[in-house]
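We count ligands from 1, going down the list as the structure has it; atoms in each ligand are counted the same way.
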Amino acid sequence: MSILEKLGITVNPKLRAVALTGAGISMESGVPIFRGRGSIWEIPEARRLASRAGPPWNTKETWEFYEWRRKLVSQCKPNVAHYTLAEMEGYFENFWLITQNVDGLHKKAGSKNILELHGNMWKGRCTKCGRVVELLETPLASLPPYCVCDYALRPHVVQFGEPIDRETLSQAFTAARQSELFFVIGTSGVVSPASQMPLLALENRAKVVEINPNPTALTPYMSLSIRGKAAEALPQFWKELLTSVDIS
Ligand code: OAD
């Protein structure tokens with residue numbers, strides 16, 4: 001049985017398509033994931049800093065942790081999975097990329113319709129005047145960096161227990177609710193509200209395809225689960241989808 005038969009859809013540019021990505025898509029780029037052996041939340045200091053019980057987020061201490069992550073990610077390049085998503089955006093007339101990642105690799109790969117649920121490590125935010133500032137260089141000249149209003153910036157990244165930007169969340173919910181084809185790539189599916197998005201898509205009778213080397217909390221609900229690394233399985237699956245399209 002072909003993939004399209006399994007999915008029961010005809011792929012065409014008019015399908016409303018969405019991809020939800022998590023840390024696993026950046027694994028082949030060298031960015032550590034959050035859960036499991038060798039992951040970020042295994043570092044006690046990282047957990048402490050990212051939680052509400054930690055220090056205020058515009059301190060030198062918080063920025064030192066982010067500078068460590070920023071330096072690491074500055075040495076990483078998008079991989080073929082990131083580029084495939086950019087290609088998919090070019091194919092579908094209506095495509096949204098919802099990501100939990102803060103590494104900025106989707107933008108580097110050329111994706112444009114990106115909804116960054118958890119913020120972006122290459123930006124700082126002023127908790128006094130609300131300004132969001134791009135901070136692309138690493139190391140930063142001084143820690144913490146300062147806003148033009150002379151107040152210390154915090155990383156523009158959602159921490160444990162914090163709400164997600166309302167506008168971004170609303171756009172993501174709408175995209176998920178209206179989608180007809182939904183990809184879930186490299187996420188453990190345990191962090192809400194991101195984990196709700198594929199379920200909303202299913203309510204719209206979307207076909208939901210998971211790509212992950214391991215089963216996840218979302219696997220039981222998937223229309224199709226592909227066990228593989230994003231950088232291998234996604235380009236392969238996308239090629240198969242395109243070659244099975246009836247172009248007559
Ligand atoms: P996790 O670390 O929870 O999950 C990573 C997922 O990637 C797992 O399901 C792995 O099986 C999968 N994976 C590993 N290697 C892969 C590969 N080569 N290709 C594809 N998948 C692979 O990361 P997230 O689900 O992204 O939030 O975590 C969600 C949120 O939890 C993060 O955004 C972060 C964290 O707390 C904040 O920091 C706000």
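At the shortest separation from atom 30 (C) of ligand 1 among protein heavy atoms lies Val191 CG2, 3.7 Å. Ranking the protein heavy atoms by distance from atom 35 (C) of ligand 1 puts Trp41 NE1, 3.4 Å first. In this structure, the protein non-hydrogen atom closest to atom 29 (C) of ligand 1 is Gln100 OE1, 3.1 Å. Distance from atom 10 (C) of ligand 1 to its nearest protein heavy atom, with residue and atom name: Asn212 OD1, 3.6 Å. Atom 28 (O) of ligand 1 has Arg35 NH1, 3.1 Å as its closest protein atom, hydrogens excluded (heavy atom only). Of all protein heavy atoms, the one lying nearest to atom 17 (C) of ligand 1 is Gly24 O, 3.3 Å.
Interface of Ile33 with ligand 1, defined as ligand atoms under 4.0 Å from a residue heavy atom, comprises 2 (O). The ligand atoms of ligand 1 that sit less than 4.0 angstrom from a heavy atom of Val158 are 39 (C).
When atom types are taken as modelled, the side chain of Trp96 and the backbone of Ala19 share no donor-acceptor pair closer than 3.5 angstrom. A donor-acceptor pair is defined here as one N or O able to donate and one able to accept, closer than 3.5 Å; such a pair exists between the side chain of Asn120 and the backbone of Trp122.
For ligand 1, the polar-atom distance check against Ile25 finds no nitrogen or oxygen pair separated by under 3.5 Å. Considering both main-chain and side-chain atoms, Ala23 comes within under 3.5 Å of ligand 1 through a nitrogen or oxygen pair. Checking only distances, Asn101 never comes within under 3.5 Å of ligand 1, N or O to N or O. Below 3.5 Å of separation, one finds an N or O of Glu28 facing an N or O of ligand 1. For Ala230, a nitrogen or oxygen atom sits less than 3.5 Å from a nitrogen or oxygen atom of ligand 1, counting backbone and side chain alike. Between His118 and ligand 1, at least one pair of N/O atoms sits closer than 3.5 Å. Not a single N or O atom of Ile211, backbone or side chain, sits closer than 3.5 Å to an N or O atom of ligand 1.
Across the listed options Thr187, Leu218, Asn214, Thr187 owns the non-hydrogen atom lying nearest to atom 25 (O) of ligand 1. Closest to atom 5 (C) of ligand 1 by heavy atom, among Gly22, Gly186, Ser29, is Gly186.
No close placement of the Phe183 and Trp238 rings is indicated, their centers lying 6.0 Å or farther apart.
Judged by the shortest distance from any of its heavy atoms, Pro213 lies inside the 4.0 Å radius around the atoms of ligand 1.
Contact record, Val18 with Ala175: CG2-O, 3.6 Å, taken as the closest heavy-atom pair. Here the shortest heavy-atom pairing between Trp63 and Trp57 reads NE1-O, 4.2 Å.
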Requested in this report: Could you give me the CA-CA distance, side-chain angles and deciding distance for Arg227 and Glu210, then say whether salt bridge (Lys or Arg N to Asp or Glu O under 4.0 Å) is met?
Outcome: CA-CA 8 Å; Arg227 291 280 152 262; Glu210 175 181 64; 3.4 Å; yes
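Under the 30°/60° scheme for interplanar angles, the aromatic rings of His106 and His82 are found to stand perpendicular.
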